[in-house]
2 protein chains.
Amino acid sequence: MTAPLERKRHASVETLERGRLRRVQIIEAATELFANAGYRGTGLAGIAAQVGVTQAGLLHHFGSKEKLLEAVVRHRSDQDHALTEEIMGDGGLAVFDRLHLLAEHNAKRPGLSQLFTVLVAENLLPEHPANAFFVERYRTLRAAVARALEAGRARGEIRADADLDAASRRLVAALDGLQTQWLLDPDEVDLVEGYRELAQAMRHELSATG
Amino acid sequence: MTAPLERKRHASVETLERGRLRRVQIIEAATELFANAGYRGTGLAGIAAQVGVTQAGLLHHFGSKEKLLEAVVRHRSDQDHALTEEIMGDGGLAVFDRLHLLAEHNAKRPGLSQLFTVLVAENLLPEHPANAFFVERYRTLRAAVARALEAGRARGEIRADADLDAASRRLVAALDGLQTQWLLDPDEVDLVEGYRELAQAMRHELSATG
DNA sequence: GTCTATATAGGGATAGAC
DNA sequence: GTCTATCCCTATATAGAC
């Protein structure tokens with residue numbers, strides 16, 4: 001039981017780093033394929049081929065398809081966290097001025113928007129593999145937005161009688177919905193423009209001086 | 001070429017009606033399973049079992065899984081059309097007063113909301129089987145909302161300087177997004193309440209007297 | 001760490017009997 | 001109109017050689 005664990009510690013630094021590299025390569029390939037065909041519609045063989053290993057080689061790193069999904073979702077979530085923090089800043093109405101950062105980020109990498117839209121829909125029910133992750137993600141996101149708006153209210157920027165929990169739900173909802181319309185029909189729906197109009201409407205709605 | 005077609009006309013009325021019933025039964029079973037596991041995650045055998053026929057028997061009616069998907073989507077679309085018409089009415093701000101009809105309809109049948117959320121995500125790209133259907137569906141819906149709001153503006157209910165195309169995109173987006181949050185986390189997000197708050201916010205934003 | 005080979009399961013679709 | 005039987009493909013996961 002302990003022997004194999006001990007043996008791992010003797011792996012060379014080179015091997016460990018190559019191992020991590022492979023993991024990242026696999027995660028990135030899976031990200032792209034999951035985004036296009038969903039988790040259910042993607043086979044491990046396709047991911048493996050894109051990285052240049054066999055399916056068995058891939059499973060050596062992640063153990064199962066579900067573990068790979070978890071890795072993909074956590075990898076992206078970490079990267080998105082920094083952007084969310086930047087947009088929230090110290091809260092208040094300025095949050096709406098910084099929504100364009102999100103729009104530009106998403107418009108530049110449509111595959112990543114697509115990944116989340118697809119995975120959320122594939123994990124709506126508790127029995128789906130990443131359901132708990134997305135339930136938690138939305139709770140955290142709504143809470144972060146609400147907290148940012150509360151800060152603005154404490155400074156007198158935002159009207160005292162606004163329902164900020166409701167506004168948070170609505171803001172997150174509109175961001176997601178606009179993204180879906182844009183992914184489906186980019187010729188008709190401009191994401192950057194949509195986010196800008198949304199920001200303007202919410203700024204007017206919540207402003208204390210308007 | 002013509003002979004087989006002629007022969008079909010001699011089928012008895014009873015046989016035809018039983019045939020139609022089976023089709024509807026299959027469509028309803030497929031609706032439920034597609035909603036839960038998606039199109040890709042659902043097998044024909046599961047649908048067939050729920051109706052009490054074999055997989056081959058099912059394919060006799062629809063020819064292929066993709067044709068079945070088309071039938072499911074058109075079946076639901078027809079039923080939703082009447083409700084959309086009712087909510088639009090003769091347009092204007094009253095549209096927002098009738099959004100609760102949509103909320104109640106969806107809340108009563110979460111499976112149908114789920115079906116569309118899942119199928120849209122599975123058909124974001126042009127190569128997906130129902131992509132054209134959903135692209136067209138959203139274009140039509142946005143146009144219907146915009147037309148309803150324009151009617152209200154013509155009557156002086158809605159402010160002259162509002163961008164009603166943008167408002168339509170935003171309304172549809174928020175409806176979809178709230179629905180997704182509710183499906184994912186019904187304990188935290190109330191659909192009826194969310195739609196009511198959304199309606200109130202949009203009424204204030206667009207009202208000519210506000 | 002990566003391979004080949006394989007176990008085992010499930011998918012969609014077709015042929016032909018009844 | 002429905003069945004059984006079957007074809008052929010793809011899927012995930014595991015075993016064991018190198």
Side-chain angles (χ1 to χ4, degrees), chain A residues 4-27 29-30 33-34 36-72 122 127-130, chain B residues 4-27 29-30 33-34 36-72 122 127-130:
Chain A
L5 281 174
E6 290 305 316
R7 204 175 300 132
K8 266 196 176 174
R9 299 205 180 154
H10 296 132
S12 73
V13 175
E14 290 75 28
T15 302
L16 278 176
E17 293 208 336
R18 238 184 301 138
R20 285 193 208 286
L21 248 177
R22 266 281 189 266
R23 274 185 66 96
V24 173
Q25 287 180 316
I26 291 168
I27 286 172
L33 295 185
F34 286 170
N36 286 335
Y39 174 72
R40 295 179 191 125
T42 302
L44 294 179
I47 301 168
Q50 186 147 328
V51 180
V53 295
T54 60
Q55 187 218 31
L58 188 157
L59 279 176
H60 168 74
H61 292 282
F62 293 93
S64 74
K65 191 187 180 186
E66 198 170 317
K67 293 276 187 199
L68 173 58
L69 172 64
E70 196 186 316
V72 165
E122 281 188 314
E127 61 262 37
H128 296 155
Chain B
L5 283 174
E6 290 304 318
R7 204 176 298 133
K8 268 198 177 172
R9 297 202 182 157
H10 295 133
S12 73
V13 175
E14 291 75 28
T15 302
L16 277 176
E17 293 207 335
R18 240 185 300 139
R20 285 193 209 286
L21 250 176
R22 265 281 189 268
R23 275 184 65 97
V24 173
Q25 287 179 316
I26 292 168
I27 286 171
L33 296 184
F34 286 171
N36 286 335
Y39 173 74
R40 294 179 192 125
T42 301
L44 293 179
I47 301 167
Q50 186 146 327
V51 179
V53 296
T54 60
Q55 187 217 32
L58 188 156
L59 280 176
H60 168 74
H61 292 283
F62 293 94
S64 74
K65 191 187 182 187
E66 198 169 319
K67 294 275 187 199
L68 173 58
L69 173 63
E70 195 186 316
V72 165
E122 282 188 314
E127 61 262 36
H128 296 156

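Note on naming: letters A, B, ... go to the chains in the order of the sequence lines (proteins, then strands), and numbering restarts at 1 for each one. All values below come from the heavy atoms of this structure, side chains included, with hydrogens, waters and symmetry mates left out. Bear in mind that the values here come from a model prediction, so they are computed numbers and not experimental data.
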Quiz item: What does nucleotides 11-18 of chain C look like as a protein-contact string, B for base, S for sugar-phosphate only, - for none, at under 4.0 angstrom between heavy atoms?
Solution: SBBB----
Quiz item: Between B:Leu21 (CG) and D:dG1 (P), how many Å, whole number?
Solution: 12 Å
Quiz item: How long is the line joining CD1 of B:Ile26 and P of D:dG1, in whole Å?
Solution: 11 Å
Practice problem: Let me know the distance between CD of B:Gln25 and P of D:dG1, rounded to the nearest Å. | Solution: 14 Å
Quiz item: Side-chain contact, heavy-atom cut-off 4.5 Å: A:Ile47 with A:Phe34?
Solution: yes
Quiz item: Can you check whether B:His61 has a side-chain N or O nearer than 4.0 Å to OP1 or OP2 of D:dT2?
Solution: yes
Exercise. Starting from P on D:dT12, measure out to NE2 on A:His60 and report it in whole angstrom.
Key: 19 Å
Quiz item: What is the distance from atom CD of A:Glu122 to atom CZ of B:Arg40, rounded to the nearest 0.5 Å?
Solution: 7.0 Å
Quiz prompt | Heavy-atom side-chain proximity of B:Ile27 to B:Phe62 below 4.5 angstrom | solution = yes
Practice problem: Output yes when at least one side-chain N/O atom of B:Thr54 is less than 4.0 Å from OP1 or OP2 of D:dT2, else no. | Solution: no
Practice problem: Would you indicate whether the side-chain heavy atoms of B:Leu58 and B:Val51 approach each other to under 4.5 Å? | Solution: no
Quiz item: Would you find a donor on one side and an acceptor on the other, under 3.5 Å apart, between the side chain of B:His128 and the backbone of A:Asn36?
Solution: yes
Quiz prompt | Shortest non-hydrogen contact from A:Leu59 toward A:Lys65 | solution = CD2-N, 4.3 Å
